[in-house]
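What you see below is based on every heavy atom in this structure, not just the backbone, and it leaves out hydrogens, waters and symmetry mates.
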Amino acid sequence: MAYEMVIGFETHAELKTKSKIFDPCKAEFGGDPNTHVCPVCLGLPGTLPVLNKNSLDMALKVCVALDCDIPEVTVFDRKHYYYPDLPKNYQISQEYMPLGRGGGINIITQNGEKFIRMNNIHLEEDAGKAMHDTHGRIPITHVDLNRAGTTLLEIVSEPDLRSPEEAESFMKTMRSLLRYLDVCDCKMQEGSLRFELNISLRPQGSEQLGTKVEVKNVGSIRSVLRALDYEVRRQTEVLKDGGTLVQETRLWDDERGETRPMRSKEGAKDYRYFPEPDIPPLHVDRDHLKQIGSCLPELRDAKRKRYIEEYGLPEYDAAVLSEDRGVAGFFDSCCQANLNAAKTFSNWIMTHVLAELKDEDMEITDLKVTPPHLVELEKLVTGGTITNNIAKKLFRDMLADGEMPASLVEKKGLKQVSDEGAIGKTVDEVIAANPDPWSNFLGGKESALNFLVGQVMRKTRGQAQPDVVQKIFRDRAEKS
């Protein structure tokens with residue numbers, strides 16, 4: 001029997017607020033353990049939470065961008081679940097009246113666009129971090145509460161995804177949206193963006209959902225896809241052997257490449273939710289929502305369409321350049337200086353600039369090459385000052401020290417040579433040194449010309465103008 005995978009995600013995004021969601025402690029990553037804490041996030045008696053307005057506005061921005069239904073009144077709830085790294089022994093979250101319901105997001109697949117629905121979006125406080133040391137004689141767990149109380153936005157999708165390709169596109173699209181909105185830095189290696197995978201199988205063609213398994217502790221998009229592959233194989237084997245899957249939460253072990261049971265999956269009744277008594281119901285002002293909506297940036301899909309329609313880019317180029325807000329901003333800055341060179345800038349960014357951004361933690365703004373560098377480099381090539389090959393070498397120099405290309409050309413004496421007299425002397429030297437290729441070219445073998453031109457370019461360090469070199473060779477051939 002063939003099975004169909006049914007996939008949904010819980011996206012956990014730590015919002016880029018300076019302080020935590022209910023207290024004034026720093027919300028930044030790092031710091032010595034247990035230094036970003038105060039009586040509120042330590043859960044000391046007599047303390048009261050106060051909602052961070054920036055947390056609320058960032059969360060509402062996401063709700064508006066995803067076209068969610070935002071109620072006029074939203075309520076915080078207490079979730080009673082023992083977190084060893086959350087001192088209050090409960091979590092302030094939202095279950096019954098979250099910030100947003102419905103809405104969705106378009107993902108791009110090989111079969112075109114697909115709309116993925118959202119179930120709900122809610123705010124909650126993040127837990128701290130437990131670090132397990134099992135190398136000593138007695139295993140020890142260290143608890144760092146710096147992260148406890150950080151603003152966490154949870155975006156729960158409907159189970160609308162059906163393949164690893166769609167799952168990968170969803171995660172990248174969601175990460176792109178959060179970056180465009182500037183509400184999360186999305187550094188998965190620091191835990192500021194986490195995807196929890198919900199996966200079940202059902203017989204091909206069936207409309208009934210299978211038993212859902214949730215996979216936690218996944219640290220990268222690549223690891224999510226590995227966990228998905230493992231779970232599909234594991235669940236398929238269980239079903240084909242006549243076994244029964246249980247609804248549970250499993251942990252992903254990246255070293256072993258497998259999931260393992262963590263706990264049986266609880267429902268709302270197990271968490272004993274009730275309205276948070278220390279935070280009154282929150283009224284969401286409609287005029288404030290309109291103001292948030294009017295301040296949204298141009299998002300990925302709109303940029304992609306604009307690049308195709310306004311700049312005449314192929315769909316592939318437009319999709320790559322619009323994926324990341326920083327890359328799109330870099331490209332837009334180049335085009336503002338010279339709109340006619342949009343395709344040239346696209347080629348340079350996709351071929352050379354993006355190749356430098358291999359580290360997921362690296363941003364395009366970390367590079368020493370900026371839009372003005374690329375604009376000036378393009379002018380030098382189209383103006384005939386340098387060749388494309390020299391431009392590629394200059395790009396490496398610019399990456400290293402950030403010097404502008406025109407300055408490098410002057411300093412290194414790299415101006416393109418177009419004087420026929422000077423180039424002609426080098427052509428004659430190449431002909432004398434390579435009689436066989438020259439004879440082959442005279443005999444009509446065009447490929448021999450490429451070799452001869454290459455020799456001239458090598459002797460002139462790439463500074464000879466290629467079309468001038470070809471013209472001189474052909475002139476010499478006509479006179480032979």
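- Within 6.0 Å of the CZ atom in F115, the count of heavy atoms belonging to other residues, nucleotides or ligands exceeds 12.
- Using a 3.5 Å distance cut-off with no hydrogens or angles, the side chains of R306 and Y311 do pair a donor with an acceptor.
- Between D182 and K16, at least one side-chain nitrogen of the basic residue sits less than 4.0 Å from a carboxylate oxygen of the acidic one, meeting the salt-bridge criterion.
- The aromatic ring centres of F274 and H80 sit less than 6.0 Å apart.
- With 3.5 Å as the limit, one finds a donor-acceptor pair spanning the side chains of T259 and E231.
- In this structure N106 satisfies the side chain to side chain donor-acceptor pair (under 3.5 Å) test with no other residue, sequence neighbours excluded.
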May I have the list of side-chain donor-acceptor pairs in residues 57-69 shorter than 3.5 Å, sequence neighbours left out?
from: D57; atom 1: OD1; to: H288; atom 2: NE2; distance (Å): 2.8
from: D57; atom 1: OD2; to: K53; atom 2: NZ; distance (Å): 2.7
from: K61; atom 1: NZ; to: L181; atom 2: O; distance (Å): 3.3

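- Taking the six-membered ring where the residue is Trp, Y96 and Y273 present perpendicular rings, their angle passing 60° and hence far from 30°.
- Here the options are I7, I116, T109, the test is side-chain contact (heavy atoms from CB on, under 4.5 Å), and the partner is F170; only I116 passes.
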- Mind running side chain to side chain contact (heavy atoms under 4.5 Å, CB included) on K114 and I108 for me, showing each step along the way? CA-CA 6 Å; K114 180 175 180 178; I108 302 172; over 6 Å; no
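- Taking 4.0 Å as the cut-off between side-chain N and carboxylate O, K129 and D144 do not count as a salt-bridged pair.
- A salt bridge (Lys or Arg N to Asp or Glu O under 4.0 Å) with R304 holds for exactly one of E113, E315, E310; it is E113.
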Under 3.5 Å, sequence neighbours excluded: what are the donor-acceptor pairs made by side chains of residues 340-347?
from: K343; atom 1: NZ; to: D317; atom 2: OD2; distance (Å): 2.6
from: K343; atom 1: NZ; to: N347; atom 2: OD1; distance (Å): 3.1
from: S346; atom 1: OG; to: D317; atom 2: OD2; distance (Å): 2.7
from: N347; atom 1: ND2; to: K343; atom 2: O; distance (Å): 3.4

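- In this structure, K79 does not pair ionically with E95, as no charged nitrogen and carboxylate oxygen lie closer than 4.0 Å.
- Residue S93 comes nearest to E124 through the heavy atom pair OG-OE1, 2.8 Å, listed as atom of the first residue, atom of the second, then distance.
- Distance alone, capped at 3.5 Å, is enough to place a donor-acceptor pair between the E276 side chain and the D278 backbone.
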- Would you sort out whether R272 and Y90 count as a side chain to side chain contact (heavy atoms under 4.5 Å, CB included), showing the intermediate values? CA-CA 10 Å; R272 294 177 290 122; Y90 63 84; over 6 Å; no
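- Side-chain contact annotation: R300 with T173, donor-acceptor N/O pair under 3.5 Å present.
- The pair E125-K88 meets the salt-bridge criterion, since a charged nitrogen lies less than 4.0 angstrom from a carboxylate oxygen.
- Ionic pairing of R194 and D126 is present here: one or more N-O contacts between side-chain nitrogen and carboxylate oxygen are shorter than 4.0 angstrom.
- Salt-bridge annotation for K305 and D301: absent, with no side-chain N of the basic residue lying under 4.0 Å from a carboxylate O of the acidic one.
- Between Y307 and F331, a ring centre-to-centre spacing shorter than 6.0 Å is recorded.
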